[in-house]
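What follows is one structure encoded as structure tokens, with my remarks underneath.
All residue numbers in this chain count up from 1 along the given sequence. A quick note: this is a predicted structure, and the numbers were derived from the prediction, not measured.
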Amino acid sequence: MIVVDSNVVAYLYLPGEFTAAAEALLARDPDWSAPGLWRSKFRNILAGYLRRGQLTFGQALALQGEAEDMLRDGEHEVGSGSVLELVRGSECSAYDCEFVALAMRLGTRLVTMDGKVLRSFPDTSIPLTA
């Protein structure tokens, strides 16, 4: 089991530079987890694609549904205290710290491409690509 940030989910569903890496990660470890916040962050990514005309509304809605189906059993709530504790000791947003806190609670790693998270939490986070 791994925790993935919303961008890793986006790389899986939106073809681009890191899609192959996300697909390889899913093949290696298909047990993905994320805090419930991932849904809003993924919707925000899809909103950008909608506004740029890169996806239709129907496509965005279908992708959101597919991603929600994939992560349905891997969604977890994260306690505010653990998130704020991580915020206090880093320069990362509370949003990003939710993913880190979940990885710590589950005793696993967070897969991300967020440089600030990777620098702030090197014992918990690993890059999607090396």
Side-chain angles (χ1 to χ4, degrees):
M1 174 194 342
I2 54 172
V3 172
V4 293
D5 76 10
S6 300
N7 286 325
V8 173
V9 177
Y11 298 144
L12 182 66
Y13 286 99
L14 299 163
E17 178 182 2
F18 300 114
T19 299
E23 290 170 343
L25 177 66
L26 184 63
R28 262 191 332 271
D29 190 344
D31 190 5
W32 287 15
S33 293
L37 170 69
W38 82 268
R39 288 176 181 239
S40 292
K41 291 186 78 174
F42 187 65
R43 281 189 291 260
N44 198 50
I45 293 166
L46 292 175
Y49 277 74
L50 274 170
R51 289 189 180 113
R52 291 188 298 275
Q54 295 172 297
L55 288 175
T56 66
F57 176 78
Q59 289 170 323
L61 198 57
L63 290 172
Q64 183 72 36
E66 287 179 42
E68 287 176 6
D69 286 345
M70 181 189 71
L71 281 166
R72 186 165 321 282
D73 295 331
E75 290 182 333
H76 303 270
E77 290 302 316
V78 182
S80 296
S82 59
V83 172
L84 292 173
E85 185 67 34
L86 294 172
V87 167
R88 180 170 68 167
S90 75
E91 294 182 8
C92 294
S93 71
Y95 303 122
D96 291 333
C97 287
E98 281 199 34
F99 291 85
V100 176
L102 179 60
M104 290 176 167
R105 190 179 93 207
L106 297 177
T108 190
R109 305 297 287 276
L110 165 63
V111 180
T112 185
M113 289 295 284
D114 186 307
K116 192 179 285 187
V117 172
L118 290 165
R119 284 187 303 279
S120 296
F121 302 101
D123 295 335
T124 305
S125 62
I126 57 172
L128 175 61
T129 61

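- The heavy-atom pair separating V87 from A94 by the smallest distance is CG2-CA, 3.6 Å.
- Residues that satisfy the salt bridge (charged side-chain N to carboxylate O under 4.0 Å, His left out) test with R88, not counting sequence neighbours, are E85.
- Looking at heavy atoms from C-beta onward, L12 lies in side-chain contact with M70 at the 4.5 angstrom threshold.
- Evaluation of the side-chain hydrogen bond (donor to acceptor under 3.5 Å, both in side chains) rule for R43 yields S40 as partners, not counting sequence neighbours.
- When the shell of 6.0 Å around OH of Y95 is examined, it contains 12 or fewer heavy atoms from other residues, nucleotides or ligands.
- Applying the salt bridge (charged side-chain N to carboxylate O under 4.0 Å, His left out) test to D96 and every residue at least two apart in sequence or in another chain returns K41.
- For residues 34-58, every residue pair satisfying the ring pair (Phe, Tyr, Trp, His ring centres under 6.0 Å) rule, not counting sequence neighbours, is listed here: W38-F42.
- Considering every non-hydrogen atom in both V117 and D114, the closest pair reads N-OD1, 3.0 Å.
- Rounding to the nearest 0.5 Å places CG of L50 at 9.5 Å from CG of L61.
- The shortest distance between side-chain heavy atoms of L25 and W32 falls below 4.5 Å.
- Scored by the salt bridge (charged side-chain N to carboxylate O under 4.0 Å, His left out) test, R109 finds no partners at all (sequence neighbours excluded).
- Two residues are said to be in side-chain contact when any heavy atoms from C-beta on lie closer than 4.5 Å; L46 and L14 meet this criterion.
- Taking R51 as the reference, nothing meets the side-chain hydrogen bond (donor to acceptor under 3.5 Å, both in side chains) condition, with sequence neighbours excluded.
- The side-chain contact (heavy atoms from CB on, under 4.5 Å) search around A21 returns L128, T129, not counting sequence neighbours.
- In this structure D123 satisfies the salt bridge (charged side-chain N to carboxylate O under 4.0 Å, His left out) test with no other residue, sequence neighbours excluded.
- Pairs engaging residues 56-68 under the side chain to side chain donor-acceptor pair (under 3.5 Å) rule: R39-E68, T56-Q59, Q64-E68 [sequence neighbours left out].
- Side-chain contact between N7 and M113: absent, with no pair of heavy atoms (C-beta onward) separated by less than 4.5 Å.
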**OP:** Give the C-alpha distance, both sets of side-chain angles, the deciding distance and a yes or no for side-chain contact (heavy atoms from CB on, under 4.5 Å) between F99 and V78.
**Re:** CA-CA 8 Å; F99 291 85; V78 182; over 6 Å; no
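- Qualifying side-chain contact (heavy atoms from CB on, under 4.5 Å) partners for T124, counting only residues two or more places apart in sequence or in other chains: V100, A103, M104, F121.
- Applying the side-chain contact (heavy atoms from CB on, under 4.5 Å) rule to M1 yields the partners D31, S33, L106; only residues at least two apart in sequence or on another chain are considered.
- Pairs of residues two or more places apart, or lying in two chains, never qualify as salt bridge (Lys or Arg N to Asp or Glu O under 4.0 Å) while including a residue from residues 1-29.
- Interatomic distance, K116 NZ to S93 OG, rounded to the nearest 0.5 Å: 8.0 Å.
- No single ILVMFWY cluster, assembled from side-chain heavy atoms under 4.5 Å apart, contains both L118 and V8.
- Expressed to the nearest 0.5 Å, how far OG of S6 lies from CG of L37 amounts to 6.0 Å.
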